[in-house]
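Read the structure below first, then the notes.
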Amino acid sequence: MTKYWLMKSEPDVYSIDTLESEGKTHWEGVRNYQARNFMRDEMSIGDQVLFYHSNTKPPGVVGLAEVCSEPYPDFTAWDKKSPYFDPKTDPESPRWMMVDVAYKETFKRLVTLDELKEHPDLEEMLVIRRGMRLSVQPVDKDHFDTVLRLGKQ
DNA sequence: GCCAACGTTGGC
DNA sequence: GCCAACGTTGGC
């Protein structure tokens, strides 16, 4: 059963344009247990992903991607040269997990965070909640469809 | 670049 | 196991 997600990335670090040119990527660097658990326990191949640009102005959903691997250990955690290096984990017992994500499309237009906040059908969407910092979060199918429609119009 | 909101760490 | 200190996220 297909699930729906929103995944945040800072465009300065990894933008949807980069994903488009690479085709797919491993979603490295998630160092939050709740986000890790979503990837590890609930994601499966074919799940649909709203690609969100954070820490930019304006922030918002820029396109669509798709989960294209099972979860597997995030090897950047024990790569000393990686910005995501975590000295407290090791390959014997991986702490952090990731999935591969494939490019699907870039929206005709950016669906901004402000727009999500103002849309009457998206009041319950997690991403608009104050203090919501999860970089990987589940999205209801209804919300997903609404955002998709906004992005295509 | 500020800072509020969170999550994590570590002393006790 | 409490909680203060610290670090990070991410909108603004």
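On a predicted model such as this, the values are computed, not experimentally measured, just so you know. Proteins come first, then strands; the chains are lettered A, B, ... in the order of their sequence lines, and each starts at number 1.
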- line: Quick note, ring-ring contact (aromatic ring centres under 6.0 Å, His included) partners involving residues 71-91 of chain A, not counting sequence neighbours, are A:H26-A:F75
Residues A:R133 and A:S54: side-chain donor-acceptor under 3.5 angstrom: no
- prompt: Heavy atom of residues 50-57 of chain A under 4.0 Å from DNA chain C: which residues?
  reply: A:Y52, A:S54, A:N55
statement: In numerical order, the residues of residues 75-82 of chain A whose heavy atoms come under 4.0 Å of DNA chain B are none
- line: From the list A:K3, A:K141, A:K104, side chain to side chain donor-acceptor pair (under 3.5 Å) with A:Q48 holds only for A:K104
Inter- and intrachain pairs under ring-ring contact (aromatic ring centres under 6.0 Å, His included), touching residues 126-149 of chain A, at least two apart: A:Y4-A:F144
field: Residue pairs, two or more places apart or on separate chains, that pass ring-ring contact (aromatic ring centres under 6.0 Å, His included) and touch residues 45-70 of chain A
entry: A:W27-A:F51, A:F51-A:H53
- request: Please round to the nearest 0.5 Å and tell me the distance separating atom NZ of A:K152 and atom NZ of A:K108.
  value: 7.0 Å
Pair A:D74 + A:R36: basic N to acidic O under 4.0 Å: no
query: Hey, what do you get for CG (A:D114) to CD (A:E118), rounding to the nearest 0.5 Å?
result: 6.0 Å
- prompt: When every nucleotide of nucleotides 7-12 of chain B is labelled 5' to 3' by its protein contacts under 4.0 Å (heavy atoms), B for base, S for sugar-phosphate only, - for none, what sequence of letters results?
  reply: SSS---
- prompt: Would you say A:E124 has more than 12 foreign heavy atoms packed within less than 6.0 Å of its CD?
  reply: no
query: Charged N to carboxylate O below 4.0 Å: is that the case for A:R149 and A:D145?
result: no
